[in-house]
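Remember, it's a predicted structure, so these values are computed and weren't measured experimentally. Residue indices begin at 1 and follow the sequence shown.
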Amino acid sequence: MSREYVLHPFPRAADLHIDYAREVNEQQLAAVTAPPGPALVIAGAGSGKTRTLTYRVAYLLEQGIPADRILLLTFTNKAAREMMRRVEDLLGGERSDLWGGTFHSIGNRILRLYADRLGYERGFSILDQEDARHLVATCIAEAGIDTRATRFPKAEVLGAILSLAVNKRMSLPEVVAQQYPYFLKLLPQMERVQGAYAGRKRQTGAMDFDDLLVLWLRLLEEHADVRESLQRRFQFILVDEYQDTNRLQGDLVDLLAARHQNLMAVGDDAQSIYGWRGASFQNILEFPRRYPHAVVYKIETNYRSTPEILTLANAAIRSNARQFAKDLAPARPAGRKPVVVPCLDARQQALFVAQRLVELHGEGRSLNRMAVLYRSHFHALELQLELTRHNIPFSITSGVRFFEQAHIKDVTAHLKLVANARDELAFKRIVLLLPGLGPKAAEKLWGAFRDRATGAASTQGGTRPLATAFGDLLKLVPKKAQVAWAQLTSTMAQLEAAATEEARAGVLMNLVVEAGYRDYLQANYENARSRLEDIEQLGAFSEQFSSLQEFLAQLALLTNLEAEEADPGQGDTERARLSTIHQAKGLEFDVVFVIMLCDGLFPSARSLEAGDGEEEERRLLYVAVTRARDELYLCYPAMRALAGGGAAQAQLPSRFLKEIPEDLRETWDLVNGARQGQDGAAGQPEGQPEW
């Protein structure tokens, strides 16, 4: 005889210390108090995602779930610590037994318990990025690969390719064919190094960061007792920023949650913008297919932006076919409509942004609460120059500052030497790009070059032709670098001839790229294509200057400004924020300008080559728009200069702007007003204001 015994999801009468209905809104409450089972929480921008997760953990604990049976996976340790701190504040008392942290930190914690199952000591060491790079370089050297002859990828580049393959769960040939086709002929050697690298790690008892996930997954897949133990242990699993997980992380979560299926994935598909670095949009999109009984909770009340900005944001993302449909609803009162600003060219666009920043500051807004966002770093070149001209303080948070990037300094070093043969730093930087030449050789060659280039036998007003001076040094160059030196001599001859004919800086930069710098970038940087794009756009930017000397002078001023902005000792000066959209994710500002909204720039031409590229670009615009609290300006230039001195090219407004109904926005037509002083509001910003 048998009978049913009903297991209730939670204790029927929980002694709750928190009034959840009072602390969170109705949509958040539904997710916080969700019954066991798979759940997907689509938390829109500014909707209180962190608050929802925090109260969910507190709710589980109040229901009697032991803290060590809850696993909270985040993308930063800071986020995990903050959420656990909030839980402790809500419930009182320490919760150190709660499992919370990044995927990698949890992987490390688990592997410390079971590493012996995989042939590792539990005291295995972890390679940081520099350690991993050094080990890959060692494997390349031991494989006997002549990196100079074949332009074999440097250790950093090969390491990044191997990492991408791991995180996307693709084979090395698949990744190379898809993203690095110029290395296809080197694939056999790359696979040899891949095998050697894996062997050396095992031999030395070390794991790199990727191994913390790869070996964790292998542990679950190959050892049934460990898999069952961990599946039983983690009764409830919560994943933050689920839209940013990659294939490897998604598979890990699915396997861990397979027994109880009490998985709550929290994220926003509309903010999935990291596909280029391996994030898998499929993880969040296909969650309901992988978990047929999943409940989807939508949190759509936005506490950040005005209704007008949210209405535009909803319209901006609506054309994406692959998404969880939602409409952000405002919690704030009405404000002003977003503004679309057509500009004549990039310089007028920069002037508009500069003037509007001054006006808004005059109305009492802090520069710290204003941001200019863009798709790519080079989009802000003209703006940086304009803000500098008008003494408007700004900070750049787009990674390494544009003019300090290695590839920009490499290419402009060639131009500097053409303009001034006495430029020691430019000469040495160029020489050090060549294989087989180090600092000592560069110093020796500089001494000989200086004597020849500026000696008594010089011509052309005190300086001998560069190519002649370089050619004279061939006998001093080590044999292994002589072929490269001969190529450099030829390049300098081309540059010198072009400069004599007063060619624009963009023409000279293109000569450097085509003479071999393209190959150098591909071998040394995983993002060679975007670096080439930077150089091309710098060439277009240089078109506004009448001579090579003027361009280099302005370049030096902007570079020095960037160095000053990087100096932390700048006091409490207010600064407008310039940032790529990717790096602004998670931030908010009172006023946001989005610039360069032209087809080919935003969306970028490169992204449109991918099948799902347009939709990710549209999500990127959505992220930019939803950073704004009070005012939003969408700007684009009608014309854009081309590198090489050709006629400026007409630009089409971004296709994304066309998708936004006109009644949801204003359009400001820019007109040239009379220049005014302190008493006037129109015209260009003048003087040296005190910020």
Side-chain angles (χ1 to χ4, degrees), residues 343-354 374 376-392 394 396 401-405 407-423 425-426 429-430 466 492 494-514 517 531-565 578 595-596 598 601 637-651 672 684-685:
C343 305
L344 176 63
D345 54 22
R347 291 191 66 183
Q348 189 181 63
Q349 177 182 249
L351 177 59
F352 164 74
V353 173
Y374 35 84
S376 299
H377 207 347
F378 63 80
H379 291 178
L381 290 177
E382 292 85 358
L383 179 60
Q384 290 183 54
L385 184 60
E386 196 66 38
L387 296 180
T388 304
R389 285 172 176 161
H390 297 295
N391 194 37
I392 301 174
F394 64 93
I396 305 171
R401 287 165 169 76
F402 186 87
F403 298 109
E404 287 297 319
Q405 294 178 107
H407 57 293
I408 298 300
K409 294 177 76 70
D410 289 345
V411 170
T412 55
H414 290 76
L415 276 59
K416 289 179 179 180
L417 194 62
V418 168
N420 176 18
R422 297 176 179 83
D423 194 325
L425 295 179
R429 187 174 191 95
I430 294 168
L466 285 175
M492 297 311 299
Q494 290 179 290
L495 292 173
E496 201 168 25
T500 301
E501 297 174 2
E502 298 186 353
R504 297 294 184 113
V507 173
L508 274 62
M509 288 184 225
N510 188 58
L511 285 173
V512 174
V513 169
E514 296 304 323
Y517 192 68
R531 290 175 185 260
L532 287 167
E533 190 176 47
D534 283 345
I535 295 169
E536 179 184 349
Q537 295 302 324
L538 181 62
F541 172 71
S542 71
E543 288 301 312
Q544 63 186 285
F545 304 105
S546 60
S547 67
L548 175 61
Q549 286 74 16
E550 183 188 354
F551 167 67
L552 292 174
Q554 289 296 330
L555 192 69
L557 291 173
L558 287 171
T559 302
N560 287 336
L561 174 73
E562 288 189 341
E564 291 172 4
E565 296 299 332
L578 273 58
I595 63 172
M596 288 297 178
C598 307
L601 294 177
M639 304 292 291
R640 179 79 169 151
L642 298 178
Q649 187 177 59
Q651 301 289 310
N672 291 323
Q684 302 182 42

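Between H379 and Q537, every side-chain heavy-atom pair lies at or beyond the 4.5 Å cut-off. Under the 4.5 Å side-chain criterion, counting only non-hydrogen atoms from C-beta, V353 is not in contact with E382. In this structure, the side chains of R640 and C598 stay at 4.5 Å or more apart for every pair of heavy atoms.
To the nearest 0.5 Å, atom SG of residue C343 and atom CD of residue Q651 are 12.5 Å apart. Distance check, rounded to the nearest 0.5 Å: NE2 of H377 to CG of L578 gives 9.0 Å. Summarising the geometry, atom CD belonging to E386 is positioned 4.0 Å from atom NE2 belonging to H390; distances are rounded to the nearest 0.5 Å. Separating the CZ atom in F394 from the OG1 atom in T388 is a distance of 4.0 Å, to the nearest 0.5 Å. Atom CD1 of residue I430 and atom CG of residue L425 lie 11.0 Å apart, to the nearest 0.5 angstrom. Here the straight-line distance linking atom CG of L417 with atom CZ of R422 works out to 11.5 Å at 0.5 Å rounding.
Remark: L532 pairs with V513, R518, L521 by the side chain to side chain contact (heavy atoms under 4.5 Å, CB included) rule, at least two apart or across chains. Residues satisfying the salt bridge (Lys or Arg N to Asp or Glu O under 4.0 Å) criterion with R429, sequence neighbours excluded, are D410. Under the rule for a salt bridge (Lys or Arg N to Asp or Glu O under 4.0 Å), E550 has no partner lying at least two apart in sequence or in another chain. Residues forming a salt bridge (Lys or Arg N to Asp or Glu O under 4.0 Å) with D345 (at least two apart in sequence, or on another chain): none. Every side chain to side chain contact (heavy atoms under 4.5 Å, CB included) that A505 has, sequence neighbours left out, goes to L415, M509, S542, L548, F551. In terms of the side chain to side chain donor-acceptor pair (under 3.5 Å) criterion, Q349 has no residue partners (sequence neighbours excluded). For A499, the side chain to side chain contact (heavy atoms under 4.5 Å, CB included) partners at least two apart in sequence or on another chain are V418, L508. Listed by chain and residue number, F378, F402, Q405, H407, I408 satisfy the side chain to side chain contact (heavy atoms under 4.5 Å, CB included) test with D534 (two or more places apart in sequence, or in another chain).
Summarising the geometry of I392 relative to A354, their closest heavy-atom pair is CD1-O, 3.5 Å, with the distance given to 0.1 Å.
One finds a salt bridge joining E543 and R504 here, because a Lys/Arg side-chain nitrogen approaches an Asp/Glu carboxylate oxygen to under 4.0 Å. Residues E536 and R531 are not paired through a salt bridge, judged by the lack of any N-O separation under 4.0 Å between the basic side chain and the carboxylate.
With hydrogens and angles ignored, the 3.5 Å screen pairs no side-chain donor or acceptor of E514 with any backbone N or O of N510.
Checked by atom type, the side-chain pair R389/Q384 shows no donor-acceptor distance below 3.5 Å.
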